[in-house]
Every structure is written in C-alpha cells, then in structure tokens.
Amino acid sequence: MVAITLPDGSRRHYPGPVSGLDIARDIGPGLAKAALACTVDDEMWDLTRPIEHDATVALITAKDEAGLELIRHDAAHVMAEAVQELYPGTQVTIGPAIENGFYYDFARNEPFTPDDLERIEARMREIVDRDEAITREVWDRDAAIAHFKGLGEQYKAEIIADLPAGEPITVYRQGDWKDLCRGPHLPSTGRLGKAFKLTKLAGAYWRGDARNAQLQRIYGTAWATDKQLKDYLHMLEEAEKRDHRRLGREMGLFHLQEEAQGAVFWHPKGWTLYRTLQSYMRRRLEAAEYVEVNTPSVVDRSLWERSGHWAKFRENMFTTSTDDDRMLALKPMNCPGHVQIFRQGIKSYRDLPLRMAEFGSCHRNEAHGALHGLMRVRAFVQDDAHIFCTEDQIVSETRAFCDLLKSVYQDLGFESVAVKFSDRPEVRAGADATWDKAEAALKEATEAAGLDWTLNPGEGAFYGPKLEFVLRDAIGRDWQCGTLQVDFVLPERLDAEYVGEDGEKHRPVMLHRAILGTFERFLGILIENTAGRFPLWLAPLQVVVATITSDADAYASAVVTALRRAGLKAEMDTRNEKINYKVREHSAAKVPVIAVVGKREAEDHTVALRRLGGARQEVLALEDTLNTLKEEAMPPDLVRQSAEAGPGGMDRVA
RNA sequence: GCCGCAGUAGCUCAGCUGGUAGAGCAACGCAUUCGUAAUGCGUGGGUCGGGGGUUCAAGUCCCUCCUGCGGCACCA
C-alpha cells in the first residue's frame with residue numbers, strides 16, 4: 001500500500017507503486033493533461049517516476065513557476081538535440097533554465113551564426129512535433145563515463161567524473177538522443193509547446209573560468225503560452241526604449257565618444273540632473289552627521305603600495321609619471337586618502353564614529369569588454385564615505401546606514417532593493433571572532449532596517465563582510481549600487497589609530513559605504529527606472545512656457561521670469577509654431593510641466609498647466625501656479641524638514 | 001581581455017550578385033499668428049569607422065586596427 005497525501009490534505013491509497021501521472025489521472029483528465037511534473041515530499045520528480053513509499057505529492061503545471069522552469073529546461077534539451085542533429089561533432093556541456101528562458105553551452109570548432117539559430121529553432125519545432133517520450137534512467141557511473149567518452153563528449157564525461165560519490169547518475173533519453181541530467185523533465189518533447197525563441201549567441205567559458213576553453217552559448221526564451229512569449233518580446237521592445245544610452249541622447253543629457261572611452265561628457269541638462277542629485281545626497285549626508293572632505297586624484301605609487309592597492313588592484317589603475325621618474329597613479333578609490341586625513345593629529349575615542357564623505361573623482365581602467373554606457377565607466381564619482389569607528393559601533397553605524405540608504409532609495413523611487421549579504425571568503429584577514437562579530441552586526445542591522453537579504457556565501461572581501469545593494473536596469477540586468485563593507489585591514493596597513501578610554505592606542509574599524517554607488521551608474525538606473533520622466537524635483541528642465549501666438553510673448557517672458565525667481569528651472573518657447581507642435585515636442589522631451597499662455601491667459605494673468613502624461617489642462621492664476629509648482633518641486637528631504645518645522649515653519653505641509 | 005554581431009547625413013535606416021550614395025525625421029530659409037502630441041514649400045548636409053589590399057572600377061570583396069552592441073570573464 002502507498003498512501004499519497006495531496007496539498008489540500010486529502011489522502012489517496014494505492015495498492016503498489018504509483019506515478020505522479022497516475023495520481024493526476026485519478027484526480028481528473030484535465031489535470032492529467034496539464035501536469036508537467038510533480039513534487040514528492042518537496043523534491044521535484046518526473047511525472048512517470050514510480051513512487052514506492054508514502055509521500056506528500058503535488059502536481060506541477062505550466063501555471064506554476066516550477067512548471068515554467070521545467071519548460072525552459074526542456075527547451076534547452078530540445079535545443080541541444082536539434083544542434084547535435086544538425087551539427088554532428090558538436091559537444092554538449094551544460095544547459096540550465098534561467099530567468100525568462102534558458103541557454104546551452106556547446107563546444108564546436110565552427111562558430112554558430114545568426115542564420116544557424118533559425119535552422120536550430122526550426123529543428124526544435126520538428127522535435128516537439130515528434131513528441132519524443134522523455135525517460136529517466138539511472139546509470140552506473142563508470143558506464144556513463146565510458147558511454148559519453150565513446151561519443152566524444154569529453155565535457156559530459158568530466159561532469160560525471162566530478163559528481164560527488166553516491167549521487168545517482170541519471171541519464172534522460174528523448175528519442176535517440178541522451179543527455180546526462182539531474183532532471184526532472186516533461187513526459188515528452190511535445191509537452192514543451194512552441195512558445196519559445198532563440199535570442200542570442202555568446203561566448204562563455206567552460207565552468208565560468210577564463211583560463212578554460214571558450215564555448216558557444218545559445219540563449220533562448222521559453223514560455224507556457226504564445227501570449228506569454230509575445231508579451232515578453234513586447235516587454236523587451238518597450239524596455240529598449242528606456243535604455244539610458246538612448247534616452248541620454250534623445251534628452252540631451254550626456255554623450256560618450258571614443259577618444260574618452262568609459263568617461264562621460266555631461267551636457268547642460270544632464271549635469272543639472274547630476275548636480276541636483278548630488279546636492280540632495282550632500283544634504284542627506286550632512287543631516288546624518290557626516291563631514292565632507294576632498295583628497296588628491298594623482299598620488300605617488302608609494303601610498304598605493306602601503307595601502308595594498310598596488311599589489312591587488314594595479315591592473316585597474318591608470319598611472320602617469322613625472323620628469324624625475326616618480327610613478328604616480330590616479331586614485332581608483334578614496335579610502336587611502338581618507339586614512340591620511342584621519343591620521344593627521346591624534347584621534348581620541350571621543351572623535352568616533354568619524355564619518356568622512358567625499359564626492360571624489362575616481363578612475364579605474366576597466367576591461368574593455370566591461371564598459372557599458374553609464375553603468376560601467378572608467379571615470380566616475382561615488383557618494384563615498386568611510387566611517388571610522390570602534391568594533392562596538394559597527395552595529396549602530398550599520399543600522400543607521402541601512403536606514404539612511406532605505407530612505408534615500410525611497411526618495412528616489414526605489415521601493416524594493418535586492419540586498420546581498422556576502423560573508424567570509426576562504427582566504428581572509430582577521431580573526432574568526434572578529435568576523436563573527438562583523439557578520440552578526442551586518443545581519444542584525446540589515447534586518448532592523450527592514451531590508452530583505454539573500455546570502456552570497458563566501459563572496460565577502462578579504463578584509464571583511466559586505467552588503468551589496470542591487471538595482472535592476474530596464475532589461476533585467478542587475479547592477480550593484482550601494483554597498484557597505486567592514487574593513488579591519490586598511491586601518492592596520494595605513495596605521496590609523498586612536499586613543500581609547502584606557503589611554504592606550506587602538507585600531508579603528510573602517511566601514512566603506514556608498515548609497516548611490518557611483519553617480520554615473522545610479523543616474524543610468526534612474527533614467528531607466530523613470531523612463532526619463534523624472535519626478536519634478538529632479539527634472540533638469542521643469543517647466544516650458546509655450547505661447548499660442550506672438551501676442552503672448554511679453555506675458556510668457558514675465559511668467560518665465562516669475563517661475564525662475566520661484567526657483568524653478570523654466571524655459572520659454574515663443575517660436576512661430578502651432579501649439580500642437582510645441583506640446584508634442586516638449587512632451588516627447590519629457591518636460592514635466594508645459595505652461596501654455598495665449599491671449600486669454602495674458603489678459604487674466606493665468607497659466608494653463610499641462611502635466612506630462614496627462615491630457616487635461618488646468619487653468620490657474622499665476623500666483624497659484626508659482627506656489628503649486630514650487631511646492632511640488634521641493635526635494636523630498638526638504639519636504640520632510642518643513643513638515644517637521646511644523647505649521648508656519650514653511651509654506652508646505654506634507 | 002575572450003566569443004559573436006555591427007559601424008552609410010545630427011537621429012532611424014535603405015543601398016540586390018562590385019559601376020562611383022538615398023529616404024524620413026532633425027537643421028536652415030521663406031510663407032503661415034494658429035488654443036493642447038507633427039502647417040506648407042524650399043535649401044544645405046556624407047573621405048560610407050581608420051589604414052592597407054584585390055580590381056579598369058570598392059559603401060559593396062579580402063586583411064588589419066579602432067569603436068560600439070550582446071554575452072562571458074572581471075567588478076578591489
């Protein structure tokens with residue numbers, strides 16, 4: 001007897017071994033048709049694999065996230081089968097499901113071309129039509145190695161040889177094709193459906209190691225239904241329109257050119273945006289009791305040798321030399337400079353925590369292939385700061401930092417942030433007890449700030465654990481922006497010390513931290529996140545006053561002057577064009593507010609306001625317009641400040 | 001840095017198997033004074049990414065370098 005418990009708690013009894021498919025049929029033909037796999041005691045199983053003991057079983061369909069993952073994984077297998085049919089001699093390696101799709105890495109001497117993708121996709125559809133049964137087989141390890149070696153599949157043989165002893169070696173057979181795979185899989189290739197598409201071709205190193213051979217990776221996307229596929233492709237097209245490189249050009253924010261690879265030419269509007277964000281950050285840091293400093297950009301090699309950068313970071317540093325042969329380097333980070341300031345004079349425990357901020361211009365010679373618009377540049381400015389504190393202050397400082405970060409992100413429109421917690425790596429400096437303390441402090445503080453985090457095991461810096469705050473760009477790529485790193489090493493190397501309560505000298509701990517990360521990257525993300533429709537307080541051009549006919553030119557000029565006096569960034573459009581044309585153009589340029597003035601407005605001293613994205617207008621008296629827009633354009637931190645000041649403190653009550 | 005793809009006017013792109021560059025938008029000029037997402041007509045604009053080669057002839061074919069794009073590796 002086998003007793004099967006279903007998710008709703010009901011129980012079914014079977015005389016002998018039973019498969020997920022049997023159970024599904026038992027429940028109903030609809031489910032039998034929809035079921036793709038099942039979970040047996042929370043472990044994913046093939047639908048046809050016999051269950052021999054009492055278990056809790058849940059059936060998985062394409063509506064489940066797990067079902068979609070199965071579809072994607074099968075798509076990878078079907079693609080591999082198609083590739084091996086079309087291009088004999090190609091070796092298969094690995095092919096997992098990923099977010100939105102799948103890939104498979106192949107080893108083949110000839111490169112695949114975009115035309116090949118079409119052929120492969122067509123063959124995949126044939127394989128789906130063949131509806132080959134997919135069956136699971138457990139093999140003997142040596143037999144499996146011999147089998148794949150015999151086929152010339154060196155990579156597969158290597159994978160099997162590296163599997164931990166005791167792990168069952170499962171081979172999945174679909175038609176005449178076999179692949180080593182942990183599974184599970186769909187019952188047959190027909191179940192995959194045809195809502196898939198091969199999307200891109202790329203190189204990828206075997207086992208992700210640049211010292212290994214480079215394989216050819218084919219990416220695809222796969223979905224349960226054609227509609228889902230269509231929606232996804234549409235979403236990608238839409239996302240492309242908000243690419244910050246495109247919007248940067250269209251909106252006249254910045255440009256890049258080959259003579260200064262990886263460095264940004266900020267145009268007036270872009271630089272206004274940049275400065276607005278920087279002013280905001282500066283106010284936030286000041287309010288959080290940071291002090292701001294500025295340290296040299298070009299620094300003698302000897303300092304970098306002492307800090308350890310010369311040994312660890314040399315490849316990424318730009319260097320220059322003087323006539324007397326001194327070797328200098330452009331700073332890639334601000335930290336050594338900050339320690340130099342800390343070291344001036346004697347510091348007491350009373351000076352700690354000392355929060356030292358700098359919007360310092362840094363340069364790193366990033367690998368050519370790593371450059372990417374504003375997201376990965378060679379010249380950048382961080383909202384950088386180093387907190388010199390005692391070990392006992394790590395918790396409170398981290399907590400304060402997480403709170404500040406959360407508040408800043410919220411102000412800038414990011415409600416949820418992915419937080420990665422990277423703990424001790426194998427090779428590290430510092431005693432285990434110190435690491436225990438630092439890791440516990442980081443965790444506690446992150447949770448106290450209400451941030452959800454995931455563990456990134458062993459990925460911490462050699463000098464301490466770190467938090468990474470990751471934001472996502474328009475097409476789903478993740479970029480690390482904020483960070484907090486606990487550092488026990490640099491104060492030691494650069495000999496930072498303070499006098500404690502006990503009168504003895506002690507080493508401070510350094511917390512390296514940034515919220516935005518770099519202004520460049522953050523602005524790239526911000527442009528994509530807002531699709532260029534910045535909130536009024538950030539918009540580099542807030543209002544355009546557009547005239548209907550030249551009769552209103554003088555009044556328009558008065559309105560612009562009044563707006564500017566009220567602190568708004570306003571421009572005037574008195575061109576001899578129709579109002580339709582002007583509205584269209586400024587809307588396309590994503591100007592948040594268009595103030596239309598014609599004869600009527602000039603006579604009544606009013607303004608017809610049109611908001612970006614809205615189709616309606618509201619006619620307001622000029623005075624009201626000024627007050628309304630002034631309020632709306634107030635940066636969020638100042639809004640809070642004036643609210644705290646209470647009624648009468650300032651105009652605005654949030 | 002590695003693999004693949006691409007580079008034609010400010011932008012988006014066309015230019016078949018080699019015969020000497022084209023459209024739309026933008027810009028500029030003229031006309032139009034108009035009530036909320038494109039007024040009409042006209043004009044100018046290109047060493048076809050750089051260099052080399054093949055050819056009577058190269059945007060088109062070959063080599064090479066540069067840059068960009070998509071991944072991979074890297075991201076202290």
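Reminder, nothing fancy here: chain letters follow the sequence lines and each chain counts from 1.
Across all strands shown, rG70(B) forms a Watson-Crick or G-U wobble pair with rC3(B), both key distances being under 3.5 Å. With both pairing distances under 3.5 Å, rU33(B) is matched to nothing as a Watson-Crick or G-U wobble pair. The partner of rA27(B), taking Watson-Crick or G-U wobble pairs whose two distances both stay under 3.5 Å, is rU43(B). For rG19(B), the paired nucleotide is rC56(B), the pair qualifying as Watson-Crick or G-U wobble because both relevant distances are below 3.5 Å. Using N1 to N3 plus N6-O4 or O6-N4 for Watson-Crick, or N1-O2 and O6-N3 for G-U wobble, each under 3.5 Å, rA9(B) pairs with nothing. The partner of rA38(B) is absent, by the rule that a Watson-Crick or G-U pair needs both atom distances under 3.5 Å.
Residue Tyr103(A) places no side-chain N or O under 4.0 Å from the OP1 or OP2 atom of rC72(B). Contact between the side-chain N/O atoms of Arg477(A) and the OP1/OP2 oxygens of rG70(B) is found at a separation under 4.0 Å. Contact check, Arg575(A) against rC28(B): no side-chain N or O comes under 4.0 Å of OP1 or OP2. Between Arg245(A) and rC11(B), a side-chain N or O to OP1/OP2 separation shorter than 4.0 Å is absent. Of the side-chain N and O atoms in His372(A), one or more sit less than 4.0 angstrom from OP1 or OP2 of rG70(B). OP1 and OP2 of rC2(B) both lie 4.0 Å or more from every side-chain N or O belonging to His368(A).
Separating the C1' atom of rG44(B) from that of rC75(B) is a span of 48 Å, rounded to the nearest Å. Taking atom P in both rU60(B) and rG19(B), one finds a spacing of 11 Å when rounded to whole Å. Between rU20(B) and rG59(B), the distance separating the two P atoms is 10 Å to the nearest Å. Taking atom P in both rG49(B) and rC41(B), one finds a spacing of 33 Å when rounded to whole Å. Taking the C1' atom of each, rC69(B) and rA58(B) are spaced 26 Å apart, rounded to whole Å. One C1' atom belongs to rC11(B), the other to rC2(B), and the distance between them is 32 Å to the nearest Å. Using C1' as the reference atom, rG10(B) and rG53(B) are 33 Å apart when rounded to the nearest Å. Atom C1' of rG7(B) sits at a distance of 14 Å from the matching atom of rG46(B), rounded to the whole Å.
Side-chain proximity of Arg584(A) to rA38(B), rC72(B), rG35(B): nearest is rA38(B). Here the side chain of Leu201(A) is nearest to one of rG4(B), rU39(B), rC75(B), namely rG4(B). For Ile548(A), the side-chain atoms get nearest to rG35(B) when compared with the rest of rC74(B), rU33(B), rG35(B). With distances taken from any side-chain atom of Pro111(A) to the nucleotides rG4(B), rG71(B), rC74(B), the minimum falls on rG4(B). In the set rG71(B), rC5(B), rU36(B), rU36(B) carries the atom at the smallest distance from any side-chain atom of Asn580(A). Comparing rC75(B), rG35(B), rG1(B) against the side chain of Ala608(A) picks out rG35(B) as the nearest.
The base of rG1(B) sits with one of its N or O atoms less than 3.5 Å from a complementary donor or acceptor on the side chain of Tyr205(A). Under 3.5 Å, the side chain of Gln214(A) and the base of rG4(B) form no donor-acceptor pair of N or O atoms.
At whole-Å resolution of the value, CZ in Arg217(A) and C1' in rG71(B) are 8 Å apart. Regarding Ile98(A), its CD1 atom lies at a distance of 9 Å from the P atom of rC72(B), rounded to whole Å. Atom CE of Met333(A) and atom P of rC75(B) are 11 Å apart (whole Å). Between Leu117(A) atom CG and rC5(B) atom P there is a gap of 11 Å when expressed in whole angstrom units. A straight line from CG of Leu256(A) to C1' of rG7(B) spans 16 Å, rounded to a whole angstrom. Atom P of nucleotide rG35(B) and atom NZ of Lys599(A) are separated by 11 Å, given to the nearest angstrom. For Phe112(A) and rC72(B), the CZ to P distance is 18 Å, given to the nearest whole Å. If you measure from atom CG of Asp478(A) to atom P of rC74(B), you get 16 Å, rounded to the nearest angstrom.
Note on Phe313(A): a base of the nucleic acid sits closer than 4.0 angstrom, heavy atoms only. Across all strands shown, Arg211(A) has no heavy atoms under 4.0 Å from either base or sugar-phosphate atoms. Using a 4.0 Å heavy-atom criterion, one finds that Gly208(A) contacts the sugar-phosphate atoms exclusively. Using a 4.0 Å heavy-atom criterion, one finds that Arg616(A) contacts no nucleic acid atom at all. Among the atoms of the strands shown, only primed sugar atoms or phosphate atoms (P, OP1, OP2) are found under 4.0 Å from some heavy atom of Gln261(A). Among the heavy atoms of the strands lying under 4.0 Å from Ala202(A) is at least one base atom, whether or not backbone atoms are also near. Note on Lys582(A): nothing from the nucleic acid sits closer than 4.0 angstrom, heavy atoms only. Using a 4.0 Å heavy-atom distance criterion, Ala367(A) is classed as a base contact. Among the heavy atoms of the strands, none lies under 4.0 Å from Glu259(A).
Side-chain atoms of Thr113(A) and Asp115(A) include no donor-acceptor pair closer than 3.5 Å. A donor-acceptor pair shorter than 3.5 Å can be found between the side chains of Gln257(A) and His255(A).
The residue among Asp209(A) and Lys578(A) whose nearest nucleotide of RNA chain B lies closer to the 5′ end is Lys578(A). RNA chain B is contacted by both Glu258(A) and Arg610(A); Arg610(A) maps to the nucleotide lying nearer its 5′ end (nearest heavy atom per residue).
Other residues, nucleotides and ligands place no more than 12 heavy atoms under 6.0 Å from the NZ atom of Lys269(A).
One distance of note links CH2 of Trp310(A) with CE of Met327(A); it measures 4.5 Å at 0.5 Å rounding. From Ile341(A), atom CD1 reaches atom CG of Asn334(A) across 9.5 Å, with rounding to the nearest 0.5 Å.
Aromatic pair Phe414(A)/Phe469(A): centroids not less than 6.0 angstrom apart. In this structure, the ring of Tyr581(A) has its center no less than 6.0 angstrom from the ring center of His586(A). The six-membered or imidazole ring of Phe102(A) lies away from that of Phe196(A), with a centre-to-centre distance of 6.0 Å or more.
A side-chain contact (heavy atoms from CB on, under 4.5 Å) with Ile387(A) is found for exactly one of Arg513(A), His338(A), Met356(A), namely Arg513(A).
Using a 4.0 Å cut-off between charged side-chain N and carboxylate O, Glu158(A) and Arg207(A) make a salt bridge.
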